[in-house]
Each structure stands twice: as structure tokens, then as C-alpha cells.
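First comes the structure, then the notes that go with it.
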Amino acid sequence: MRRTGAQIVWEMLSREGVEVVFGIPGGAIMDTYHPLRDYDIRHVLVRHEQCAAHAADGYARASGRVGVAIATSGPGATNLVTGIATATMDSSPIVCITGQTPTHFIGSDAFQEADITGISLPITKHNYLVTDVRDLAYTIHEAFYIARTGRPGPVLIDLPKDVQQAETDFLPPEEEIRLPGYSPVGQGDQESVRQAADLINDAQRPVILAGHGVLMSGAMQTLQAFVEKAEIPVALTLLGKGAFPESHPLALGMMGMHGEAFVNRAIQEADLLLAFGMRFDDRVTGRLDRYAPAARRVHVDLDAAELNKIVPVDVAILGDLRQVLEQLLPFVEQASHQEWLEQVDHWRDETNSRDIVNRPQNGRLVAPYVIQSLREETQGEAIVVTDVGQHQMWAALYYHLDRPHSLITSGGLGTMGFGLPAAIGAQIAQPGREVWAIVGDGGFQMTVQELGTLIQEELPLRIALCNNSYLGMVRQWQEMFYDGRYESTYLVNPDFVRLVEAYGIRGWRVTDPEDTRDAIAEARSHPGPAFIEFQIVQEGDDGNVYPMVPPGAALDEMIRRPHPAVEGA
Ligand SMILES: Cc1cc2nc3c(=O)[nH]c(=O)nc-3n(C[C@H](O)[C@H](O)[C@H](O)COP(=O)(O)OP(=O)(O)OC[C@H]3O[C@@H](n4cnc5c(N)ncnc54)[C@H](O)[C@@H]3O)c2cc1C
Ligand SMILES: Cc1ncc(C[n+]2csc(CCOP(=O)(O)OP(=O)(O)O)c2C)c(N)n1
Ligand SMILES: [Mg+2]
């Protein structure tokens with residue numbers, strides 16, 4: 001079969017099972033776009049290439065498949081960068097295809113030339129510049145393999161215009177991929193597994209730290225069986241939400257800088273930490289030399305670079321989490337940790353007594369109440385995609401969920417502007433599910449142009465905007481740690497409801513807590529996309545995320561919300 005490079009791109013994407021790609025055409029990638037309609041692949045025309053990468057990322061996280069983004073050379077390719085870095089930090093599998101100046105022009109500062117393989121080298125798992133059309137099919141095959149296996153991540157393929165135009169005999173690659181120095185791990189070392197089991201069987205106050213790796217290895221059910229057998233409470237990282245059902249009696253909640261106080265306390269008092277598929281991010285550990293001082297530690301991760309990187313451990317197991325848990329299960333004794341669980345529940349009760357949602361309504365619209373209402377109205381069944389900032393933390397703290405792959409958020413890079421495009425990707429991946437983008441007024445405006453993509457694709461996405469007229473998370477730090485100087489964080493905003501209406505999207509505005517439920521119910525029953533602006537409290541205790549571990553402090557040195565019961569007494 002004679003095929004052009006352009007045709008080979010689509011042939012190979014079809015063979016890799018790709019059904020949808022996100023992108024924007026341009027001079028250096030037009031040849032690839034030209035035969036697109038001959039293939040059964042949906043192209044979603046985004047409004048900015050950053051959003052092609054975010055949408056591919058959201059698609060990947062919601063579906064467990066590889067997301068694909070396409071851009072032209074130069075500015076198209078460089079616009080992808082933030083999206084690629086976001087995907088790398090959260091180990092999300094995407095493949096980006098960029099057009100490039102013809103091979104004979106490379107290095108001559110040709111029109112729209114940018115060295116995207118050089119630029120993206122540190123933020124991709126791997127990248128390629130294809131200079132011979134005969135290499136293209138195998139390169140694409142290998143790129144998908146690298147993106148989805150081992151620790152997933154983004155792979156970029158840069159495709160010069162003449163390679164897209166060139167013809168060759170197309171033979172779909174059949175051979176198994178063998179890459180020197182790259183062999184994704186499976187089972188863990190049996191001796192280490194035995195040592196971990198001994199620590200588990202001896203522990204009195206164990207805590208599991210469940211992370212994103214649980215979801216990526218599909219270990220949710222195995223984890224639950226393990227947890228129930230050994231009776232160990234489970235704390236979650238931000239990206240681990242969904243790894244274990246939050247309605248389960250052994251579920252704690254989120255750990256870390258904005259984690260629940262009782263969860264952090266349990267970690268600090270634990271005698272054994274079992275870190276499963278999480279990488280001890282600094283937002284998770286707080287001050288390292290005072291982190292869980294009494295605890296022995298077991299860490300299971302499939303990336304050797306993560307073991308003993310931040311937190312030294314007693315037993316490090318290199319392996320795929322699901323397989324390691326299956327190995328561990330027979331050696332772990334059926335146990336009861338009644339006393340420990342009662343202690344943790346006692347701390348949980350204290351946390352609840354300070355919770356702003358358990359305080360009587362005072363007419364002020366606070367974001368925790370908005371998110372909790374959203375969770376109750378949707379029975380915790382929606383896919384929630386957030387942007388970055390205070391609303392992100394409130395979404396994590398108050399949208400309790402039981403289903404995996406249902407909270408999609410930029411954790412590692414913390415990319416404002418991620419929410420709307422990633423939600424578009426998630427809605428396309430899961431057309432039958434209700435998807436809510438929860439965004440802040442600052443980040444929403446970084447990628448707001450994607451409302452155009454939303455209407456062009458006729459997606460029923462729902463958007464909840466938490467509008468505090470501030471770059472709220474930064475303002476909170478200024479209030480707490482920078483003498484209350486709100487330097488460059490106040491935002492003069494447009495009328496958001498009129499803005500979305502300009503796109504033909506139905507919008508509601510809520511200023512009173514009494515109207516919250518009705519607005520959510522109306523937005524849910526509306527057939528097309530829907531938008532609600534919640535004008536929330538802007539500053540002060542009701543406008544801050546609590547609790548908070550101050551930067552540089554230990555996990556148990558949290559700043560707590562002033563205790564309403566004490567204050568009222
Ligand atoms: C404003 C803001 C505030 C934040 N506050 C918090 C906070 O309070 N608490 C919090 O938890 N996070 C917080 N974060 C997020 C934080 O920065 C990290 O992104 C997050 O903690 C990472 O979670 P993780 O380690 O589970 O996931 P990842 O960073 O995705 O790491 C996953 C780990 O699992 C491993 N893995 C992957 N696949 C497998 C497999 N098959 N088997 C075994 N291992 C595997 C990987 O190698 C990696 O080490 C915040 C982020 C922002 C932007
Ligand atoms: C692209 C980018 N720029 C800057 C930041 C720093 N930053 C983190 S949170 C935040 C404020 C977010 O404001 P908003 O979107 O209104 O959300 P809020 O915190 O008010 O809920 C900023 C500026 C970032 N994370 N990402
Ligand atoms: Mg804001």
C-alpha cells in the first residue's frame with residue numbers, strides 16, 4: 001500500500017484505537033489535516049493549542065486511554081508547552097503531533113520554525129523528530145506504547161512538512177516493541193513484599209496513603225480487599241481521590257497542605273505509613289524533618305526514581321501497585337485496629353465540629369456550601385474537573401466521591417486555565433456522564449475562549465464559576481502571610497452570565513445561599529451546556545480555605561478555622 005506520511009498518521013492513529021483528536025491546523029500541519037475526513041476520527045477544533053493538550057489530558061484521565069493533540073509548527077507547537085508540562089507532572093498519557101518546517105529548512109530560522117523537540121525535551125516522557133517517512137508508522141506505534149506503559153506521560157512527534165507529503169509503502173508495524181533500557185515493571189520483589197507484610201501485621205496505628213498510582217494501575221478493588229482485610233484507614237492525595245470510596249467507613253479524606261486536620265493528625269501519629277502510588281509531593285508532606293515521626297514506612301511505586309526520593313522508607317517496593325497488592329494480600333493477616341480507628345474518629349468529630357458547612361446559614365454564600373450542594377444534587381456521581389486555586393481545594397474537600405477517575409485536576413503543575421478545556425476532553429470521553437467544570441474567575445479567563453469549542457461540539461458540559469473577584473488563593477496567602485497587602489490580586493471582571501450568553505450558553509447567577517440548590521437543579525435539567533456564577537464571599541475567614549499547613553510547617557501545625565462552637569459560647 002502506497003501512503004503519504006499524512007495518511008500514515010491517521011492509519012496509525014486508527015490502529016492505536018484513537019477516536020478523537022484535539023487541535024488547530026496551520027501551514028506546517030495542513031498536509032496531515034488534508035486526508036483526515038477519509039478516516040473515522042473526530043477532530044475537535046479548539047481555540048488555543050494549550051487547550052488541545054489540556055483537552056487530550058482530560059480525555060485521557062476520564063477514559064484511561066491515550067489523548068491526542070495536534071498543532072502546527074512554531075507558535076502552534078509552543079502553545080502546547082503548558083499543556084504538555086501539566087500532563088508530565090501528573091503522569092497523564094498524551095501524544096502530541098506537531099507540524100515542522102520542511103527538513104531542508106530546519107535550523108535556518110524558517111517561517112514558523114521552533115525547535116519543539118528541544119523545547120519539550122524536559123517536559124515529555126519522550127519525543128521524536130521524524131525525518132524519514134519510512135520511520136513514521138513505527139514511531140507512532142512506539143510513541144503510544146511509551147505514553148501509556150510504565151509511568152504514563154506525554155510523547156511528542158514532530159513531523160516536517162516534506163515527511164507528511166512523502167510517499168512510502170505502508171506496512172503496519174507488527175513487531176513487539178523492545179526498547180533498550182525501558183521495561184515497565186510488574187510484580188514486586190517477593191522478599192520486600194514479605195518484609196512489608198511483617199510491618200503491616202505488627203502495626204497498631206497504620207495509615208494508607210493512596211495516590212494517583214492506585215487509579216493508574218487499576219488497583220481500586222484490590223486496594224479495597226486489602227484495606228478491609230487489614231482494617232487500615234485510607235488517606236488520599238488530591239490526585240488519589242477516587243482510589244478508594246469516600247463513603248467507606250475506613251476512608252479518611254484528603255491529606256496535606258489543605259487536607260482535613262484529622263487526616264493529617266492521623267498521619268503524624270501513625271506507626272506505619274503505607275504509601276501506595278503516591279510521590280510525597282511537598283504539598284503532601286509539609287516540613288519533612290517532622291513528617292510522621294513515629295512511623296515506619298513502606299512505599300510501592302513503579303518508578304524507581306520516586307523510591308527514597310523525598311521520604312526515606314523502611315521497605316521500598318518497585319512494582320505495579322495492583323500486582324504488588326495481590327502479592328501482599330495472602331501474607332497480610334485479618335486484623336482489627338479498633339482502638340486506633342476510635343481515636344481517628346474522635347479527631348474526625350472535632351474536625352466536623354469546625355466545618356463551615358455544619359454552621360447555621362448566615363446569608364453569606366461560601367464556596368464549601370456551594371460544592372457540598374453540588375455533590376448532594378448530583379449524588380456524588382458527576383465527573384468534576386477543576387481549575388487551580390481555592391475553588392480547587394474546596395472541590396477536593398467537599399465533593400466526596402466513590403467512583404474512580406471522577407476528579408480531574410492539575411495537581412503537580414497547578415495550571416490555571418486547565419479546568420474548562422480538560423472538562424471538554426472529559427465530557428467527550430464520557431458522553432453519558434454528567435461533567436461539571438468547577439473554575440475560579442481568574443483561571444476561567446485564562447482559557448475562556450474554549451466556550452467556542454464547547455458550543456461547536458454541542459457538549460452538555462456544566463460550569464460552576466466560584467467568583468470571588470480575586471486571584472483567591474494568592475490573596476489568601478497575602479492575607480495570612482504578607483501583611484494583608486492584596487498586591488495585584490483584585491480582578492475587575494466582566495458580567496460572566498452575559499459573557500456565556502454571547503456564546504449561546506444558558507447562565508444563572510447566585511448570590512444568596514438559599515438559591516444555590518434551585519440553580520443547580522435548573523442547570524442540571526437544562527439540556528445543553530449550562531453555567532452558574534456563584535458570587536462567593538471574597539475574603540476573611542469565610543473566604544479562605546481551611547485548614548492550611550503554613551509553608552515550611554509540619555503537618556500537625558495547621559491553621560484551623562476559628563472554632564464556631566467556641567466562638568459562640
Ligand atoms: C493549589 C494546590 C494545592 C494542593 N494541595 C494539596 C494538598 O493539600 N494535598 C494533596 O494531596 N495534594 C495537593 N496538591 C496536589 C499536589 O501538588 C500533587 O499533585 C499531588 O499530591 C500528587 O498526588 P500523587 O502523588 O497521588 O499523584 P502523582 O503526582 O500523579 O504521582 C503518582 C505516583 O504513582 C506512581 N505510579 C503511577 N502508576 C503506578 C502504578 N501502576 N503502580 C505503582 N505506582 C504507580 C507514579 O510513579 C508516581 O510516583 C495541591 C495542588 C495545588 C495546585
Ligand atoms: C498559569 C498560572 N499562573 C499563576 C498561577 C498562580 N496561582 C495559583 S492559584 C491563583 C489564583 C487563582 O484564582 P482564581 O482562578 O480566581 O481561583 P480562586 O483561587 O479565586 O478560587 C494563582 C494566580 C498558577 N497556578 N497558574
Ligand atoms: Mg477567584
Side-chain angles (χ1 to χ4, degrees), residues 50 61 82 86 88-92 149-153 184-186 188 209-219 235-241 243 253-260 263-264 275-286 299-307 309-310 317-325 367 386-397 409-419 438-447 465-477 488-491 493 536 538 543-545 547-549 555:
Q50 177 185 346
R61 297 195 210 197
T82 301
T86 303
T88 283
M89 286 292 269
D90 291 347
S91 300
S92 189
T149 54
R151 181 171 181 172
V185 296
L209 311 174
H212 195 193
V214 176
L215 295 161
M216 287 190 275
S217 73
L236 301 168
T237 65
L238 175 65
L239 296 184
K241 272 185 68 100
M254 190 167 82
M255 64 183 96
M257 176 175 266
H258 287 295
E260 304 276 12
V263 181
N264 285 343
F276 290 160
M278 54 81 75
R279 61 179 174 85
F280 291 110
D281 184 270
D282 52 74
R283 289 286 180 272
V284 159
T285 59
H299 192 182
V300 184
D301 203 291
L302 91 179
D303 184 350
E306 293 295 348
L307 298 169
K309 181 178 92 172
I310 309 277
I317 305 179
L318 181 66
D320 169 65
L321 185 67
R322 189 174 54 76
Q323 298 184 51
V324 172
L325 285 177
T386 81
D387 211 86
V388 168
Q390 292 181 306
H391 63 281
Q392 177 188 28
M393 295 296 105
W394 284 315
L397 289 169
T409 191
S410 167
L413 202 66
T415 307
M416 284 170 73
F418 175 82
I438 299 180
V439 296
D441 47 316
F444 182 49
Q445 292 184 83
M446 287 196 180
T447 51
L465 169 70
C466 296
N467 182 6
N468 50 16
S469 282
Y470 275 106
L471 298 170
M473 185 55 97
V474 181
R475 187 211 54 74
Q476 174 170 344
W477 281 55
S488 307
T489 43
Y490 176 67
L491 295 171
N493 283 326
I536 57 170
Q538 295 185 355
N544 288 340
V545 183
M548 177 171 192
V549 179
L555 269 196

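For clarity, every value in this text was computed on a predicted model and none was experimentally measured. Counting starts at 1 for both ligands and their atoms, in listed order.
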**Request:** Indicate, as side chain, backbone, both or neither, the part of Asp281 found under 4.0 angstrom from ligand 1 when only non-hydrogen atoms are considered.
**Result:** side chain
**Message:** Just to check, does Asn468 reach to within less than 4.0 Å of ligand 2 when the distance is taken from its heavy atoms?
**Reply:** yes
**Prompt:** For ligand 1, is any non-hydrogen atom under 4.0 Å from His212's backbone (N, CA, C, O), its side chain (CB onward), both, or neither?
**Reply:** both
**Close approach of Cys466 to ligand 2, heavy atoms, under 4.0 angstrom** = no
**Item:** atom 14 (P) of ligand 2: the protein heavy-atom neighbour that sits closest, reported with distance to 0.1 Å
**Value:** Gly442 N, 3.5 Å
**Prompt:** At what distance is the nearest protein heavy atom to atom 8 (O) of ligand 1, and which residue and atom is it?
**Reply:** His258 N, 2.8 Å
**Request:** Please identify which atoms of ligand 1 are closer than 4.0 Å to at least one heavy atom of Gly211.
**Result:** 26 (O)
**Message:** Among Gln538, Met416, His391, which one puts a heavy atom closest to atom 6 (C) of ligand 2?
**Reply:** Met416
**Request:** Could you tell me whether Thr237 approaches ligand 1 through its side chain, its backbone, both or neither, with non-hydrogen atoms closer than 4.0 Å?
**Result:** both
**Request:** Take the Mg ion (ligand 3) as the vertex and measure to OD1 of Asn468 and OD1 of Asp441; round to 10°.
**Result:** 90°
**Message:** Using a 4.0 Å cut-off to any heavy atom of Gly256, which atoms of ligand 1 qualify?
**Reply:** 8 (O), 9 (N)
**Heavy-atom proximity to atom 47 (O) of ligand 1, best of Asp387, Thr415, Asp301** = Asp301
**Prompt:** What is the minimum heavy-atom distance between Ile438 and Ala395, and which atoms define it?
**Reply:** CD1-CB, 4.1 Å
**Item:** Proximal atoms of ligand 1 relative to Met255 (non-hydrogen, under 4.0 Å)
**Value:** 7 (C), 8 (O), 9 (N), 10 (C), 11 (O)
**Item:** Subset of ligand 1 atoms that lie under 4.0 Å from at least one heavy atom of Met257
**Value:** 7 (C), 8 (O)
**Complete:** Quick note on ligand 1: atoms under 4.0 Å from a heavy atom of Gly319 include exactly 42 (N), 43 (C)
**Request:** Under 4.0 Å, heavy atoms only, figure out whether ligand 1 is touched by the backbone of Arg322, its side chain, both or neither.
**Result:** neither
**Message:** Under a 4.0 angstrom heavy-atom cut-off, which atoms of ligand 1 come close to Gly414?
**Reply:** 53 (C)
**Request:** Could you tell me the residue and atom name of the protein heavy atom closest to atom 9 (S) of ligand 2, and the distance to it rounded to 0.1 Å?
**Result:** Met473 CB, 3.7 Å
**Message:** Please determine whether Gln390 has a backbone or side-chain N, O or S atom lying under 2.8 Å from the Mg ion (ligand 3).
**Reply:** no
**Complete:** Numbered in order shown, the ligand 1 atoms found under 4.0 Å of a heavy atom of Asp303 are 47 (O)
**Request:** Answer with side chain, backbone, both or neither: which part of Arg279 has a heavy atom less than 4.0 angstrom from an atom of ligand 1?
**Result:** both
**ligand 1 atoms in contact with Met216 (distance to a heavy atom under 4.0 Å)** = 37 (C), 38 (N)
